[in-house]
Amino acid sequence: MAGKILGTTVYYDADCNLSKLEGKKITVLGYGSQGHAHALNLKENGMDVTIGLRGGSSSWKAAEEAGLTVKETAEAVKGADIVMVLIPDELQADVYAQDIAPNLKQGAYLAFAHGFNIHFKQITPPKDVDVFMIAPKAPGHTVRSEYKEGKGTPCLVAVYQDATGHAWDIALAYGAGIGGARAALLETTFKCETETDLFGEQAVLCGGVTELIKTGFEVLTEAGYEPVNAYFECLHEMKLIVDLIYEGGFQKMRHSISNTAEYGDYHAGPRVITADTKKAMEQILADIQSGKFADEFLADSKNGQKFLKEHREAAANHPIEPVGAELRNLMSWLK
Ligand code: NAD
Ligand code: MG
């Protein structure tokens, strides 16, 4: 039954009434990582699912072959009771203005898997439309594979607008429909999900981790050590360590490593991540909260993704990449 974990309200299958989705036309826009998982899980739960895509989309055939009805975005929105928007965040506002808003029926439910466009007011739905979020805490492929194994992926759930008074019922039913309530649906807000999600990926998960690996690799190779050693010590072993942390926290990891490694860990860690690093993280958070990051990201997107593409290319040309390509060839389990 609905309970609390560390102050957060949590819902399980028993708290969700899947029958609230029965007779409702559900449209999932996009058939990428999240889209295919939501659509197929809902369909296998007996729901009426339509996929909305651009004409000529490369995903069209795959969705049809999976037995789904596919329509062009605007057509798929017409008459839908629930519209789940699973297209890239930077495209959502334009697609909303062109294809969704003009076709969204009164009293429909508009849903998202990330709060970005609602929280940063890129999309402002009419007052009579309910707005909710089901944000799985795993890539779409895990949402699908867990479901097929009879398990589920925990999801964040939030309601932004509740015009009908039924938004929570529908949000929880949708979360159960994709299998999320088998694990847990954890209550949050659009603001909290959006700001923490962006912070995590920037400061720690994507930005933080890659800079840490890259800088360590550079220090070793610039000091004359073999790239092979630098790659293994700074990149390859990252997963081994993170897996231990993921399974049992810092303690399990530190239990598994040598005393030498543990001593060095306490000794060196705070010299790498300093008070200045913490200040930089606080500034990153402030830029997310103020909307500065969102404005810059969307402006780059409108500018043909100049920043994104330049950095993608520079990163692909870093010396760590060919070293990795060579060494991963030796690891049969990666093939
Ligand atoms: P994706 O890039 O994997 O897939 C996007 C899909 O949208 C593709 O099928 C593409 O063909 C389609 N598309 C593009 N333009 C379209 C248009 N104009 N009309 C209709 N369809 C269009 O995207 P994703 O990673 O699944 O992300 C979707 C949403 O889910 C985002 O809001 C993202 O933040 C959120 N999310 C993603 C993950 C993840 O693991 N990838 C996790 C949680 C939340
Ligand atoms: Mg995230």
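Whatever order the structure lists them in is the order used to number ligands and atoms, beginning at 1. Side chains are part of it too, since the values below use all heavy atoms of this structure and drop only hydrogens, waters and symmetry mates.
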Would you mind finding which of Ile87, Thr73, Asp89, Ile51 brings a heavy atom closest to atom 33 (C) of ligand 1?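 Checking each option, the heavy atom nearest atom 33 (C) of ligand 1 is found in Asp89.
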Heavy-atom nearest neighbour of atom 9 (O) of ligand 1 within options Trp60, Tyr96, Tyr31: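 The residue whose heavy atom sits nearest atom 9 (O) of ligand 1 is Tyr31.
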Under the criterion side-chain hydrogen bond (donor to acceptor under 3.5 Å, both in side chains), which of Arg328, Glu226, Glu237, Glu326 is the partner of Tyr231?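 With Tyr231 as partner, side-chain hydrogen bond (donor to acceptor under 3.5 Å, both in side chains) holds for just one option, Arg328.
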Does any N or O of ligand 1 fall below 3.5 Å from an N or O anywhere on Pro136, backbone included? no
For His114 and ligand 1, does the shortest N/O to N/O distance drop below 3.5 Å? no
Quick check on contacts: which atoms of ligand 1 are under 4.0 angstrom from a heavy atom of [X]?
X	answer
Ala113	30 (O), 35 (C), 44 (C)
Gln92	32 (O)
Leu91	15 (N)
Ser57	11 (O)
Gly32	3 (O), 4 (O), 6 (C), 8 (C), 9 (O)
Ser59	9 (O), 11 (O)
Gly52	20 (C), 21 (N)

Minimum-distance pair of heavy atoms, taken over all atoms of Leu220 and Cys234: CD1-SG, 3.9 Å
Indicate yes or no for a side-chain donor-acceptor contact from Ser301 to the backbone of Phe297 under 3.5 Å, with no hydrogens or angles considered.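 A pair under 3.5 Å: no.
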Is ligand 1 under 4.0 Å from a heavy atom in the side chain of Leu29, in the backbone, in both, or in neither?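 It is neither part, as no heavy atom is under 4.0 Å.
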Check Lys137 against ligand 1 and report side chain, backbone, both or neither, counting heavy atoms closer than 4.0 Å. neither
Here the gap from Ile118 atom CD1 to Glu193 atom CD, rounded to the nearest 0.5 Å, amounts to 12.0 Å
Does Ala135 have a heavy atom less than 4.0 Å from any atom of ligand 1?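 No; Ala135 lies far enough from ligand 1 that no heavy-atom distance drops under 4.0 Å.
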Test of ring centre spacing under 6.0 Å for Tyr109 and His166: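 No, too far apart.
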Between [X] and [Y], a side-chain donor and acceptor under 3.5 Å:
X	Y	value
His119	Glu195	yes
Gln92	Asn117	yes
Asp276	Thr274	no

Quiz item: cation-pi between Arg182 and Tyr147, 6.0 Å / 45°: yes
